[in-house]
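The structure under discussion appears below in the form of structure tokens.
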Amino acid sequence: LYIAPDITPPAKPTGLGAAAGDATVSLDWADNTEEDLAGYNVYRSTTSGSGYTKLNSSLLTDSNYTDNSVTNNTTYYYVVTAADTNANESDYSSEVSAYPSAGSASVTIQENTTGFCGVDGAVESEYSGWTGAGYANTTNASGKGINYSINILTAGTYTFTWRYANASSDRPANLIINGSTVVSGISFPGTGAWSTWNTVSSGSVTLTEGVKTIRLQATSSGGLGNIDYMNVAGENLMTAS
């Protein structure tokens, strides 16, 4: 009786995420569910989309990996594959990037850089006076906001500061961290013109170690003012992908 060999690879892993620290990158992804799954391979490159080198010498049985062979202040790109007991290997997962660093006491996150995760609106450059790639302009509605990500390397007290312009009346916002509101009703009063910029701060916020999702969310129908950047200052932190 002829039995055809198994040549069907597992599905490519999903949910890959990366968290960088001081000379280290931690990877985590969703478990594959194939009955004949044998493990996973992790690949790394310093060029996005190509040049990957496998990091593990034998298949990984857990859906996570810590890369301690990185150098600070270098961007690394990672993909993961799944392999079965017949040595069939899946396609690459979606790529993620990480930037290990010793951290600093202050980081400034501009639009379209590491740590800037999106805006409910658009990144624009119509009005003058902005820095970086422009400014984030949300849709004019309550609940619209801007998302960021930071990695707290040392637990402690941190202050969030935004540079903004607002030619209308006060456009207040909440600071939301990991889905919970930590500061309510931060005032972003009018600056007189869309090309006139000012700063406003959150006050002290106590944070534990780890990657934090940050959201500045409008609480009035006008949305947010035009946000030029967010600065976070405190003990020791870095931007996160």
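The analysis underlying the following values was restricted to heavy atoms, covering all of them including side chains, and did not include hydrogens, waters or symmetry mates. Small disclaimer: the values here were computed from a predicted structure and weren't measured.
- In the model, T108 has no side-chain atom that pairs as donor or acceptor with a side-chain atom of R163 under 3.5 Å.
- A distance-only check finds a donor-acceptor pair linking the side chain of E95 to the backbone of G49 [under 3.5 Å].
- Side chain of Q110 to main chain of A133: no donor-acceptor pair is present (N/O by atom type, distance under 3.5 Å, no hydrogens or angles).
- Side-chain atoms of Y40 and W29, non-hydrogen and from C-beta on, do get closer than 4.5 Å to each other.
- Panel note: side chain S45, backbone S50; a donor-acceptor pair is recorded below 3.5 Å.
- Judged by distance alone, with hydrogens and angles left aside, the side-chain atoms of D170 form a donor-acceptor pair with the main-chain N or O of F188 at under 3.5 Å.
- Y65 places no side-chain N or O within donor-acceptor distance of the main-chain N or O of V25, the cut-off being under 3.5 Å.
- Atom OG of residue S221 and atom CZ of residue R171 lie 8.5 Å apart, to the nearest 0.5 angstrom.
- Y135 belongs to a hydrophobic cluster whose remaining members, ordered by chain and number, are Y127, W130, W194, W197; membership requires side-chain heavy atoms of ILVMFWY residues under 4.5 Å apart, directly or through intermediates.
- Using a 4.5 Å heavy-atom cutoff, the side chains of D67 and L27 are not in contact.
- Salt bridge annotation for K144-D120: absent, with no cationic side-chain nitrogen under 4.0 angstrom from a carboxylate oxygen.
- Taking hydrophobic clusters as Ile, Leu, Val, Met, Phe, Trp and Tyr residues chained together by side-chain heavy-atom distances below 4.5 Å, L216 shares a cluster with V200.
- With a 4.5 Å cut-off on side-chain heavy atoms, S149 and V211 count as touching.
- At least one donor-acceptor pair under 3.5 Å links the side chain of N231 to the backbone N or O of V107.
- Closest approach of Y99 and M238 over heavy atoms only: O-CE, 2.7 Å.
- Between the side chain of N151 and the backbone N or O of T239, no donor-acceptor pair lies under 3.5 Å.
- Under 3.5 Å, the side chains of T219 and N174 contain no donor-acceptor pair of N or O atoms.
- The distance from atom OG1 of T61 to atom CG of L37, rounded to the nearest 0.5 Å, is 9.5 Å.
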Assess whether side-chain contact (heavy atoms from CB on, under 4.5 Å) is satisfied between S202 and Y158, documenting all intermediate values. CA-CA 9 Å; S202 65; Y158 292 81; over 6 Å; no
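- T8 and N88 are not linked by any side-chain donor-acceptor pair at a separation below 3.5 angstrom, with hydrogens and angles left out of the test.
- Taking CD1 of I109 as the reference point, atom CD1 of I227 lies at 13.0 Å (rounded to 0.5 Å).
- Of the possible polar contacts, one joining the N56 side chain to the V42 backbone as a donor-acceptor pair under 3.5 Å is found.
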N198 and T191: side-chain hydrogen bond (donor to acceptor under 3.5 Å, both in side chains), yes or no, with the steps? CA-CA 7 Å; N198 203 345; T191 60; over 6 Å; no
Check step by step if side-chain contact (heavy atoms from CB on, under 4.5 Å) holds for N41 and L59. CA-CA 6 Å; N41 291 310; L59 286 174; 3.4 Å; yes
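- In this structure, CG on L153 lies 7.0 Å from CG on L237, to the nearest 0.5 angstrom.
- Here I177 contributes atom CD1 and I214 contributes atom CD1; the two are 4.0 Å apart, rounded to the nearest 0.5 Å.
- T154 places no side-chain N or O within donor-acceptor distance of the main-chain N or O of N236, the cut-off being under 3.5 Å.
- Within the 4.5 Å cutoff, the side chain of Y92 has no heavy atoms near those of the K12 side chain.
- V96 and Y52 end up in different hydrophobic clusters when Ile, Leu, Val, Met, Phe, Trp and Tyr side chains are linked at under 4.5 Å.
- By the rule that hydrophobic residues join a cluster once side-chain heavy atoms approach within less than 4.5 Å of another member, I186 and I150 end up as members of one cluster.
- No continuous path of hydrophobic side-chain contacts links V79 to L55 [ILVMFWY only; heavy atoms under 4.5 Å].
- The aromatic rings of Y78 and Y76 lie tilted to each other, with the angle between the two planes from 30° to 60°.
- No side-chain heavy atom of T113 sits under 4.5 Å from any side-chain heavy atom of Y229.
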Step by step, would you call E34 with D84 a side-chain contact (heavy atoms from CB on, under 4.5 Å)? CA-CA 8 Å; E34 291 85 359; D84 64 20; over 6 Å; no
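- Across every non-hydrogen atom of A82 and N32, the tightest pair is CB-ND2, 3.6 Å.
- Evaluated for a side-chain contact (heavy atoms from CB on, under 4.5 Å) with R215, the options N178, N147, T181 yield exactly one hit, N147.
- What you find for S97 and T75 is that their closest heavy atoms are CB-CG2, 4.2 Å.
- A distance-only check finds a donor-acceptor pair linking the side chain of T138 to the backbone of L224 [under 3.5 Å].
- Here the side chains of S90 and P13 are in contact, with some heavy-atom distance below 4.5 Å.
- P172 approaches S220 most closely through the heavy-atom pair CD-OG, 3.9 Å.
- When all heavy atoms are compared, the tightest approach of T161 to S201 is OG1-OG, 2.7 Å.
- Contact record, A218 with A141: CB-O, 4.0 Å, taken as the closest heavy-atom pair.
- N166 and S168 are linked by a side-chain donor-acceptor pair at a separation below 3.5 angstrom, with hydrogens and angles left out of the test.
- Between the CD1 atom in I152 and the OG1 atom in T208 there is a gap of 8.0 Å [rounded to 0.5 Å].
- Residues Y43 and V70 do not share a hydrophobic cluster, clusters being chains of Ile/Leu/Val/Met/Phe/Trp/Tyr side chains in contact below 4.5 Å.
- Results of the side-chain contact (heavy atoms from CB on, under 4.5 Å) test with W162 over I146, T199, L175, D228 single out L175 as the only residue that passes.
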Could you go step by step and tell me if F160 and V182 meet the side-chain contact (heavy atoms from CB on, under 4.5 Å) rule? CA-CA 11 Å; F160 295 77; V182 296; over 6 Å; no
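- Residues S101 and N72 have side chains that never bring a donor and an acceptor to within less than 3.5 angstrom of each other.
- Side-chain contact of D36 with T85: a donor-acceptor pair under 3.5 Å is absent, judged by distance alone.
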